[in-house]
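Beneath this line is the structure, given in structure tokens, with notes to follow.
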Number of protein chains: 2
Amino acid sequence: MVTIKDIAEMAKVSRSTVSRVLNNSGYVSEDARMRVEKVIEETKYTPSQHAKSLRTKKTKIVGVILPTIQTETSSKIVTGLGKEFSKLGYEILLANTNLNREKEMEYLDLLKVRRVDGIVLIATNTEPKLLEKINEINVPLVMVGQSIDGVMSVTYDDYHASRELTSLLIDKGHERIAFIGVDETDQAVGMRKKGFLHEMAAHQLEVSEAWLEKGIFDIESGHVAIEKILSNSRSSNKIPTALIAVTDRLAIGAISYLKKQGIHVPEDMAVAGFGASEIAQYLDPPLTTVDFQNEKAGEQAAIQLINYMHSKNHSEKIVLDYRLIERTSI
Amino acid sequence: MVTIKDIAEMAKVSRSTVSRVLNNSGYVSEDARMRVEKVIEETKYTPSQHAKSLRTKKTKIVGVILPTIQTETSSKIVTGLGKEFSKLGYEILLANTNLNREKEMEYLDLLKVRRVDGIVLIATNTEPKLLEKINEINVPLVMVGQSIDGVMSVTYDDYHASRELTSLLIDKGHERIAFIGVDETDQAVGMRKKGFLHEMAAHQLEVSEAWLEKGIFDIESGHVAIEKILSNSRSSNKIPTALIAVTDRLAIGAISYLKKQGIHVPEDMAVAGFGASEIAQYLDPPLTTVDFQNEKAGEQAAIQLINYMHSKNHSEKIVLDYRLIERTSI
DNA sequence: CTGTTAGCGCATTCAA
DNA sequence: TTGAATGCGCTAACAG
């Protein structure tokens with residue numbers, strides 16, 4: 001591999017001069033610059049970013065830890081991150097935990113070893129051990145989707161979005177509303193449940209335990225959850241007339257089951273989700289959902305991290321706006 | 001930042017010894033090892049991968065260039081790649097071109113600058129300029145989804161999958177089949193069209209130009225394409241009874257339009273796609289599609305690249321099997 | 001405007 | 001079993 005030394009010799013200048021033309025820094029005579037550029041062109045020389053990083057202490061790499069890349073949420077966030085980071089010449093080192101929480105910790109260490117300039121953590125929990133590790137590695141870090149005290153973050157307004165969605169359903173005359181949530185260690189998504197419960201309470205509407213189920217983040221579990229809800233509530237004869245699922249995928253799974261059972265959406269049961277997945281509008285019926293602007297979240301997180309790394313002004317916590325998308329599934 | 005030198009001093013040994021315990025190489029007395037490990041633990045020392053790379057000429061990073069992360073195809077491939085690479089301690093540097101072809105070239109250079117050990121290119125074209133650049137940078141590289149002579153690759157059997165799908169439709173009595181393709185520079189997807197045309201020809205079935213349209217890789221353009229096909233063919237009174245779209249998303253867009261027009265699927269028009277997207281089975285009606293096993297493609301590509309990098313046996317070209325998934329949309 | 005020098009953090013001879 | 005010395009490829013004073 002050809003190095004800066006080779007270029008220097010071939011162009012009959014010193015390595016410093018080559019470095020100068022490489023980085024456009026300091027004075028270089030037109031003559032010298034030309035010679036150097038010519039040699040670089042001829043040899044197809046590409047400087048080693050590693051050697052450079054070793055000197056400058058900047059890698060221009062940011063690590064992105066995520067639970068899975070196979071959701072629209074994650075991929076949109078990553079797209080947003082990429083847009084902003086690439087503007088400044090940062091590249092993304094991907095750390096996919098595949099929903100394995102221990103790996104979240106491992107990757108934090110690993111990214112430190114890689115000397116990334118910063119880390120974006122698309123987290124699924126807010127356990128104390130996580131905060132501990134974050135402090136230990138001492139690398140600029142921003143969380144997306146979850147929030148911990150003392151850590152920069154970009155989050156969604158899950159709570160109010162959920163209240164508003166619930167309110168919308170109530171306005172439409174629904175009094176028995178079912179809810180499919182997820183594991184409670186996900187605090188952010190937990191706020192969707194809280195918002196739902198509060199809004200119901202605010203309207204003096206009771207929520208039966210029979211209407212509350214949990215799924216994981218796939219379509220199939222939406223299917224399973226609504227099945228349980230129906231069987232739970234059939235005995236009490238209090239069958240819900242509406243359903244809120246914390247993700248579009250859960251909602252899709254639920255709708256699929258309902259259709260198979262001959263239960264019409266929205267006539268027999270209104271259904272709404274969260275996430276504004278691309279597919280939502282093409283479903284039959286089109287799905288009511290909440291747009292959390294994931295791509296924008298990614299962009300904001302990138303900007304926030306960049307500002308921090310460059311010690312510019314940066315906000316500690318950013319809470320993004322949401323947008324209710326009402327469609328005919330309710 | 002604490003370095004190997006600090007550790008050496010604190011443990012009262014030389015840097016070489018620290019290096020030895022770090023890499024488990026050479027002889028180290030139990031006593032010395034203990035002291036070093038203790039200090040490492042206390043100081044939370046993490047060795048710099050950059051300095052290490054500079055010496056060893058190995059970065060343990062592979063670059064992945066892709067057109068967009070926001071498709072199931074890409075994200076599944078990346079998941080597959082991640083699985084295999086992480087087993088060997090390789091990390092993934094993500095290079096998202098956002099469908100910008102010039103960036104494909106730029107990233108090839110950039111990854112060279114980063115001294116990645118290898119590159120996975122999820123390509124959308126096979127232009128000569130691309131091959132030129134690949135040869136120029138001279139970094140181990142494997143393509144996924146497309147194939148060029150002299151470049152390692154993992155591809156799908158687009159051609160036969162398409163023929164088989166077409167054949168299935170013909171068996172079901174369809175004689176007028178429409179086809180939504182994409183830009184022809186995508187050779188791989190182009191084979192799906194070729195397979196379709198060949199199978200039709202093999203059955204002496206004519207294909208009207210009016211039934212051939214193109215979309216891009218989103219749902220909306222499926223919508224638009226089928227609209228055109230219908231208006232094209234209405235005049236000739238040869239309205240197709242079936243439709244093949246080269247991706248599930250195109251098919252979904254088409255179905256959405258058909259439903260709005262009161263055209264029933266599959267009674268009035270059978271519809272099939274490619275890609276086996278997760279959503280396909282939950283559609284109404286469930287979509288017939290072709291599973292190309294993208295995650296496996298990612299795994300295979302990773303294995304292939306790793307073998308090449310370690311100069312083990314590796315196959316030049318891998319063609320993956322497909323699986324036809326027949327559902328009630330046809 | 002340019003070259004000399006030093007050193008980033010580490011692995012790897014070579015001697016001891 | 002250990003340490004001293006060297007250099008990976010580059011940037012950044014500093015002196016000229």
Side-chain angles (χ1 to χ4, degrees), chain A residues 1-37 39-40 43-61 89 109-117 138-139, chain B residues 1-37 39-40 43-61 89 109-117 138-139:
Chain A
M1 179 101 9
V2 31
T3 75
I4 198 171
K5 196 176 159 214
D6 302 323
I7 303 296
E9 284 167 4
M10 295 173 73
K12 309 218 181 299
V13 294
S14 72
R15 292 173 315 186
S16 332
T17 303
V18 178
S19 177
R20 288 191 188 98
V21 348
L22 244 30
N23 298 291
N24 256 302
S25 64
Y27 300 103
V28 179
S29 69
E30 201 48 36
D31 183 48
R33 154 165 283 117
M34 299 269 278
R35 288 210 310 281
V36 170
E37 283 174 346
V39 174
I40 288 179
T43 55
K44 306 284 184 198
Y45 163 70
T46 42
S48 157
Q49 176 68 34
H50 280 279
K52 185 170 180 170
S53 293
L54 193 58
R55 279 288 335 215
T56 61
K57 307 286 184 196
K58 299 254 163 282
T59 57
K60 286 288 204 171
I61 292 184
D109 277 327
L110 205 64
L111 292 177
K112 164 124 194 183
V113 168
R114 298 281 186 189
R115 295 292 188 270
V116 295
D117 291 342
N138 190 30
V139 176
Chain B
M1 179 96 13
V2 31
T3 75
I4 198 171
K5 198 178 157 212
D6 302 323
I7 303 296
E9 285 168 5
M10 295 173 73
K12 308 215 182 301
V13 295
S14 72
R15 294 175 311 187
S16 330
T17 303
V18 177
S19 177
R20 287 192 189 98
V21 348
L22 245 30
N23 299 291
N24 256 302
S25 64
Y27 300 104
V28 178
S29 68
E30 201 48 37
D31 182 48
R33 153 166 284 118
M34 298 270 278
R35 288 210 310 281
V36 169
E37 281 173 348
V39 174
I40 288 179
T43 57
K44 306 284 184 196
Y45 163 70
T46 41
S48 157
Q49 176 68 35
H50 280 280
K52 186 170 182 170
S53 293
L54 192 58
R55 276 288 331 219
T56 61
K57 307 284 184 199
K58 298 254 165 282
T59 57
K60 287 288 205 170
I61 293 183
D109 278 326
L110 205 64
L111 292 177
K112 164 125 197 185
V113 167
R114 298 282 186 187
R115 294 294 189 269
V116 295
D117 291 342
N138 190 31
V139 176

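Below, chains carry the letters A, B, ... as their sequence lines are ordered, and counting in each starts from 1.
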What nitrogen or oxygen pairs link the protein and nucleotides 6-9 of chain C at under 3.5 Å?
{"unit_1": "C/dA6", "atom_1": "N6", "unit_2": "A/Arg15", "atom_2": "NH2", "d": "3.3"}
{"unit_1": "C/dG7", "atom_1": "N2", "unit_2": "A/Arg55", "atom_2": "NE", "d": "3.2"}
{"unit_1": "C/dG7", "atom_1": "N2", "unit_2": "A/Arg55", "atom_2": "NH1", "d": "2.7"}
{"unit_1": "C/dG7", "atom_1": "N3", "unit_2": "A/Arg55", "atom_2": "NH1", "d": "3.4"}
{"unit_1": "C/dC8", "atom_1": "O3'", "unit_2": "A/Lys57", "atom_2": "NZ", "d": "2.5"}
{"unit_1": "C/dG9", "atom_1": "OP1", "unit_2": "A/Lys57", "atom_2": "NZ", "d": "2.7"}
{"unit_1": "C/dG9", "atom_1": "N2", "unit_2": "B/Ala51", "atom_2": "O", "d": "3.3"}

With 3.5 Å as the limit, what N/O pairs link the protein to nucleotides 13-16 of chain C?
none

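- At a threshold of 4.0 angstrom between heavy atoms, the contacts of B/Val18 with the nucleic acid are absent.
- Taking the salt bridge (Lys or Arg N to Asp or Glu O under 4.0 Å) definition, one finds that B/Glu9 meets it with nothing, sequence neighbours left out.
- With sequence neighbours excluded, the residues satisfying side-chain contact (heavy atoms from CB on, under 4.5 Å) with B/Met1 are A/Lys112, A/Arg115.
- At its two ends the helix from C/dC1-D/dG16 to C/dA16-D/dT1 runs along axes set 40° apart, each axis drawn from five pairs and the angle rounded to 10°.
- Among all heavy-atom pairs drawn from A/Arg33 and A/Val28, the shortest one is N-CG1, 3.7 Å.
- B/Leu54 meets the side-chain contact (heavy atoms from CB on, under 4.5 Å) test with A/Ala51, A/Leu54; sequence neighbours excluded.
- A/Val36 is listed as a side-chain neighbour of A/Val13, based on a closest heavy-atom distance under 4.5 Å.
- Taking each heavy atom of B/Val2 and B/Tyr45 in turn, the nearest pair found is O-CD1, 3.3 Å.
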Which donor-acceptor pairs under 3.5 Å do side chains of residues 19-27 of chain B form with protein atoms, sequence neighbours excluded?
{"unit_1": "B/Asn23", "atom_1": "OD1", "unit_2": "B/Lys52", "atom_2": "NZ", "d": "3.2"}
{"unit_1": "B/Asn23", "atom_1": "ND2", "unit_2": "B/Ser19", "atom_2": "O", "d": "3.0"}

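- In plain terms, the two heavy atoms of B/Ile7 and B/Val39 that are nearest each other are CD1-CG1, 3.9 Å.
- B/Asp109 is linked by a salt bridge (Lys or Arg N to Asp or Glu O under 4.0 Å) to B/Lys133, counting only residues two or more places apart in sequence or in another chain.
- Contact annotation: A/Ser19 side-chain N/O to D/dT11 OP1/OP2 distance is under 4.0 Å.
- Between B/Gln49 and B/Ile61, every side-chain heavy-atom pair lies at or beyond the 4.5 Å cut-off.
- Less than 4.0 Å separates DNA chain D from at least one heavy atom of each of the following residues of residues 21-36 of chain A: A/Asn23.
- Every side-chain contact (heavy atoms from CB on, under 4.5 Å) that A/Ala8 has, sequence neighbours left out, goes to A/Arg15, A/Val18.
- Separating the CZ atom of B/Arg114 from the P atom of D/dC10 is a distance of 14 Å, rounded to the nearest angstrom.
- Among all heavy-atom pairs drawn from A/Thr43 and A/Met10, the shortest one is CG2-CE, 3.8 Å.
- Legend: residues meeting side-chain hydrogen bond (donor to acceptor under 3.5 Å, both in side chains) with A/Asp31, ordered by chain and number and at least two apart, are A/Arg35.
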